[in-house]
Amino acid sequence: MEMVLRAPAEEKYAEELTRLKEADDGPRPPGWRLSARAVRRFILGDEALKVSRKFYGDDPLVDRAIVSLMGAQGLMMVGEPGTAKSMLSELLAAAVSGQSGLVVQGSAGTTEDHIRYSWNYALLLAEGPSARALVPSPVFQAMRSGGIVRFEELTRCPPEVQDALISILSEKTIAVPELGESQTLRAKPGFNVIGTANLRDRGVHEMSSALKRRFNFETVHPISDPGFEKELVLKELAERLAGLEAGSEIDPGVIDVLVQTFQDLRSGRTKEGTSLSRPDAVMSTAEAVNVVHAAALEAAFLDKAAVSGAHIARQVQGVVLKDNPEDGKKFKAYVDHVAKDRSGGNAHWKAFYQTARKLKLV
Ligand SMILES: Nc1ncnc2c1ncn2[C@@H]1O[C@H](COP(=O)(O)OP(=O)(O)OP(=O)(O)O)[C@@H](O)[C@H]1O
Ligand SMILES: [Mg+2]
């Protein structure tokens with residue numbers, strides 16, 4: 001296989017999907033490549049089949065999402081940034097329909113054409129409207145093949161454009177009047193839509209209630225269990241560093257410092273129960289993975305040393321200092337009190353504290 005920076009889920013986990021398919025003896029919903037139970041195993045892991053766990057922290061949510069995809073409504077995942085909404089929708093699409101590449105990226109520039117279809121104008125002029133001149137949108141393709149289409153950041157599209165989905169979700173058809181009166185695309189079984197929306201951006205309250213009613217909403221929360229978060233960070237780090245020439249060892253104690261810092265600042269409360277002022281910055285698991293990745297790169301390529309609390313401290317500041325200057329003060333207070341108290345008996349917290357206190361945070 002050619003080296004690429006990021007392969008889609010169905011390629012990355014092709015072997016797992018094949019094993020799941022071979023062992024799959026459960027009933028398959030119409031149009032699905034796998035049974036609902038195999039889809040669940042793909043996402044939550046299965047030791048016997050050597051299938052890795054990919055989503056941590058909320059197993060019932062995965063079950064509800066799968067059930068929702070079998071039903072008549074679409075699935076809408078909402079939540080804070082970096083809570084794995086996109087990842088989960090990619091994994092679901094890969095497992096259910098064997099491909100996760102049918103995606104509409106919602107933005108202020110999204111038009112109805114991106115949801116329905118448009119034309120290849122050279123062909124349209126040359127031979128008039130024909131099936132050949134029609135350029136199907138990802139939604140159109142998913143209806144035609146009976147697959148899942150993902151709609152990323154749906155709420156960033158203008159509401160009147162979003163509403164093009166209403167008839168698609170209720171009638172499961174797209175009319176193409178240019179090709180003749182009776183030309184209507186009817187969705188094959190297996191078709192459904194997974195939308196994602198970020199609660200920090202323009203909110204779901206701007207979605208029309210007609211469209212809301214056609215989706216099942218699921219809120220994805222940040223991982224609250226430090227043990228799960230640590231496991232995930234270590235796993236993602238190993239994946240990201242695989243194949244690098246300069247390997248870098250990492251002491252799990254360093255990850256504890258990182259995960260605890262994120263958990264404390266995210267929740268506004270230390271594990272000992274002291275209240276903190278919570279920064280506005282998004283302290284998601286996805287950010288934690290980025291921090292430890294950057295720390296490991298710095299350690300391996302610039303320092304030729306093992307990753308330490310000092311590397312973590314230097315990288316965390318880039319996450320905390322993003323938009324609100326007050327956040328720097330809040331982080332400083334955390335360093336001066338919580339990190340300092342912990343630095344007494346623990347070498348990793350000590351390295352973290354000694355570097356963090358020298359950072360220019362305010
Ligand atoms: N509960 C979780 N289980 C597994 N991975 C998680 C979890 N939470 C966060 N992650 C990490 O977050 C990364 C990507 O998050 P993703 O881009 O899917 O988030 P998102 O919710 O779509 O964010 P955004 O709203 O910014 O688009 C994953 O690759 C994974 O490393
Ligand atoms: Mg996303």
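Each ligand, and each atom within it, is numbered from 1 in the order the structure gives.
- Residues D163 and S208 have side chains that bring a donor and an acceptor to within less than 3.5 angstrom of each other.
- Of all protein atoms, those of element N, O or S that lie under 2.8 Å from the Mg ion (ligand 2) number 1.
- Cation-pi contact between R53 and F55: absent, since separation from the ring centre below 6.0 Å together with deviation from the ring axis within 45° is not met.
- With hydrogens and angles left out, the side-chain atoms of E178 and Y117 include a donor and acceptor closer than 3.5 Å.
- No side-chain N or O of S107 forms a donor-acceptor pair with one of R156 less than 3.5 Å apart.
- For the residue pair E153 and Q105, no side-chain donor N or O sits within less than 3.5 Å of a side-chain acceptor on the partner.
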When the side chains of residues 133-141 are checked against the rest of the protein, which donor-acceptor pairs come out under 3.5 Å, sequence neighbours left out?
{"from": "S137", "atom 1": "OG", "to": "I115", "atom 2": "O", "distance (Å)": "2.8"}
{"from": "S137", "atom 1": "OG", "to": "R116", "atom 2": "O", "distance (Å)": "2.7"}
{"from": "S137", "atom 1": "OG", "to": "V139", "atom 2": "N", "distance (Å)": "3.2"}
{"from": "S137", "atom 1": "OG", "to": "F140", "atom 2": "N", "distance (Å)": "3.1"}

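- By the side-chain contact (heavy atoms from CB on, under 4.5 Å) test, E16 is found to be paired with Y13, R19, F42, V51, S52, K54, residues two or more places apart in sequence or in another chain being considered.
- Hydrophobic clustering (side-chain heavy atoms under 4.5 Å, transitive across Ile, Leu, Val, Met, Phe, Trp, Tyr) groups L49 together with L91.
- The pair K212-E206 does not count as a salt bridge, with every side-chain nitrogen at least 4.0 angstrom from each carboxylate oxygen.
- Within 4.0 Å of ligand 1, the residues that place a heavy atom are K54, F55, Y56, P81, G82, T83, A84, K85, S86, M87, E153, N198, I223, L232, E236, T285, A286, listed by chain and number.
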